[in-house]
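Some notes on the structure that comes next.
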Amino acid sequence: MPVFEIGAEDFLLDGRPHQILSGALHYFRVHPDQWADRIAKARLLGLNTIETYVAWNFHAPTADAFDTSGRRDLGRFLDLVADAGMHAIVRPGPYICAEWDNGGLPTWLLREPGVGVRTSEPRYLAAVQGYFDALLPLVVERQVDRGGPVLMVQVENEYGAYGDDAAYLRTLAQMLRDGGVTVPLFTCDQADDAMLARGGLPELHRTATFGSRSPERLATLRRHQPSGPLMCMEYWNGWFDAWGEDHHVTDPGATAGDLAALLASGASVNLYMLHGGTNFGFTNGANHKGVYRPTVTSYDYDAPLAEDGTPTAKYAALAEVLAAHHGTPRAAVGGRAPAPTPQVPVPREVRSLWPLVDAADGWSTHDAPPTHDDLDAFTGFVLYRTEVQVGEAAVLDLSDVRDRAQVFVDGRPVGVVDRRDGDRALTLPGPGAVVLDVLVEDLGRVNYGPRIGEHKGLVGPVVLDGTPVTGWRTLPLPLEDWVAAAAQPGSTAAGSTAAASPPAAAAVVTPRPGPSLTTWDLPGMDAADLFLSTAGWGKGVVWFNGWNLGRFWSAGPQQTLYVPAPLVRPDNNRVVALELAAAPDAALRFVDGPRWTAVTQ
Ligand code: GLA
């Protein structure tokens, strides 16, 4: 069996120096029917390795579940890497950052008072042990020394940017060894002396993360990893986006030039990202360095392979560098063919959310408002309802909203409290006895820094004109149930109170009230990637044949939602959108490629 080791100067594969040329590809951000295509394009680029994180919370929705089927089939993903003749690097966390909800840590764990986060705290470590017990068998049997693709396994992630509990790192490494990991273990940290010192252990190989000035960063790494090969474990060749901020793009020429210098030095590299993919559903994370900034649905990352897998100008520039490095001809790659642009002018059905909410199971009563975490609502929306007596121009102070609250009085919208803006209060119209609804959206849990694990929902007291509001009823929105009922072609959701829509041929475009659930029938078509345009829509979520494509928001910069070709059916396709605002446009439109808008002028 092959032997992979860390030598005095180089990585050694069967005793020979081996330079790792890797690309990051997260199986959890790509439709499983497209994994092989993305891996093949990595190979064509000139890479020899695929790196992936493992997102614990993607596999473990509850404490006693561990799902490795379908899109969670990490074993199949690693087998496809092996089938392509490539190696793999696995980074199982337990914390991964990655712009992923809660940095991959399960909310059911961190909701418990006093449970440690990324420390030696016993309940945290016991849960990690359970995670490793479930995960490691499928990694261990695919290690290179057993004939599989896995070369190395990472311990934690940039721990030096977070903590200094060396015993925690040592325990994780021991758990990995006890679980059967025999290949080299390593850590990664930003190319910063203090972080590299805190984030590693003498017995684990240190690597660094950076995106420019490679010679200088490698010199920093060398101070902390005095022997053996140098590796940039995350060569940031692009960047992620936040709602309400401009889309990031980086210059392919600069990236390629810097990569050439890095490779010429003999260092190994992992392109972060080779292919970013999509934060489908409610999987995006957020950053909070003074201000809360949720990450958008697309994880395009301006990577060499775009969100839909199309090779970009950056791919071509990097292929040039890698071909020169290998002394082989550069791979020829095609660009994006225009995607089909079907239009459906009129929905099949537009349903106000209020009758659905009133008929839903799952309401509970509380004196003070609970958090989402108290309700086991780990992602998505919770509706808080109460009745209040409002005086003239009463001030409703929600104090701490995580993350966005839409406030309704007797079903009519009266305002939004958005954490991104530092809002906390608004004025209610009065006077009178009214039903107060507060619809709170978790926009994504923080994935970096001390706010990892913070709770969502209405976290502080809710006060009306100085008096705490009590007597709440709450409902985590059962969106998946509603969508499942609406998503079957030919079905009409049970309990519908909405009028049937006009026939699809009608020329009238019905404006959508908010909040609402809208359904369209898109005629069957040949499988092809699609880009759903959300221009003219407000804020919400879209499902395509039951698959949650993710959030849209007029805040920009993202203006399209990516529909992977394997979701498109030849017979009939059903699209369901949750729209939170009153949207001026109820037509369903697809455009020929991704669209981004400039946010800051
Ligand atoms: C760090 C983390 C990654 C990712 C990048 C930014 O390097 O280790 O998980 O968050 O930042 O994309």
Side-chain angles (χ1 to χ4, degrees), residues 22-29 50-58 89-105 117-118 152-163 169 172 186-192 194-196 198-200 204 206-214 217-218 220-221 231-243 245 247-250 255 258 262 269-279 283-289 293-305 307 314 444-452:
S22 175
L25 167 55
H26 300 153
Y27 61 96
F28 43 85
R29 287 184 156 127
I50 294 289
E51 178 274 318
T52 186
Y53 281 125
V54 180
W56 180 4
N57 57 4
F58 186 62
I89 294 173
V90 178
R91 302 200 289 163
Y95 161 79
I96 63 168
C97 193
E99 291 68 73
W100 189 256
D101 191 53
N102 227 19
L105 296 174
V117 182
R118 306 178 69 191
M152 301 201 287
V153 173
Q154 182 174 295
V155 179
E156 247 277 350
N157 190 76
E158 289 189 341
Y159 187 65
Y162 183 83
L169 288 182
L172 291 182
F186 66 94
T187 55
C188 81
D189 278 288
Q190 290 162 44
D192 169 276
M195 292 190 194
L196 279 160
R198 273 199 305 266
L204 302 178
R206 285 180 162 93
T207 68
T209 59
F210 54 85
S212 61
R213 311 208 312 259
S214 293
R217 315 291 190 176
L218 291 172
T220 304
L221 173 60
M231 179 160 185
C232 176
M233 190 48 68
E234 292 178 21
Y235 181 68
W236 300 319
N237 49 27
W239 204 247
F240 57 91
D241 297 318
W243 290 114
E245 299 175 20
H247 174 48
H248 285 85
V249 287
T250 61
T255 303
D258 197 71
L262 190 151
V269 69
N270 177 42
L271 302 177
Y272 192 99
M273 300 290 299
L274 162 73
H275 172 49
T278 308
N279 294 312
T283 59
N284 67 280
N287 279 281
H288 196 309
K289 294 172 187 166
R293 297 165 60 229
T295 300
V296 303
T297 299
S298 172
Y299 201 62
D300 177 88
Y301 215 85
D302 195 32
L305 294 176
E307 183 179 8
K314 194 174 283 172
R445 291 181 188 252
V446 172
N447 56 262
Y448 184 87
R451 287 178 182 267
I452 298 163

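Because only heavy atoms are used, hydrogens play no part in the values below, and waters and symmetry mates are left out as well, while side chains stay in. Just follow the structure's listing: the first ligand is 1, and inside any ligand the first atom is 1.
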Discussion item. Could you check, using the six-membered ring where one of them is a Trp, whether Tyr272 and Tyr301 have ring centers closer than 6.0 angstrom?
Written reply: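 Between Tyr272 and Tyr301, the centre distance is under 6.0 Å.
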Practice prompt. Please find out if less than 6.0 Å separates the ring center of Trp100 from that of Phe28.
Written response: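 Close enough - the centres of the two rings lie under 6.0 Å apart.
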Practice prompt. State, yes or no, whether a side-chain contact exists between Gln154 and Glu51 at a heavy-atom distance under 4.5 Å.
Written response: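 Heavy-atom side-chain distance check fails, nothing below 4.5 Å.
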Worksheet entry | Test side-chain hydrogen bond (donor to acceptor under 3.5 Å, both in side chains) applied to Arg29 and Thr283, Asn279, Thr52, Thr278, the passing residue |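 Looking at Thr283, Asn279, Thr52, Thr278, the match for Arg29 under the side-chain hydrogen bond (donor to acceptor under 3.5 Å, both in side chains) is Asn279.
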Practice prompt. Say whether, by atom type as modelled, one donor and one acceptor occur between the side chain of Asn57 and the main chain of Asn102 under 3.5 angstrom.
Written response: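 Side chain of Asn57 to backbone of Asn102: no pair is present.
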Worksheet item: Which parts of the protein, at residue level, reach under 4.0 Å of ligand 1 through a heavy atom?
Response: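 These residues qualify: Tyr53, Ile96, Cys97, Ala98, Glu99, Asn157, Glu158, Glu234, Trp236, Trp239, Phe240, Tyr272, Tyr299, Tyr301.
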Worksheet entry | Sole residue of Leu271, Leu274, Asn270 in side-chain contact (heavy atoms from CB on, under 4.5 Å) with Ser22 |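 Exactly one option meets the side-chain contact (heavy atoms from CB on, under 4.5 Å) with Ser22, and it is Asn270.
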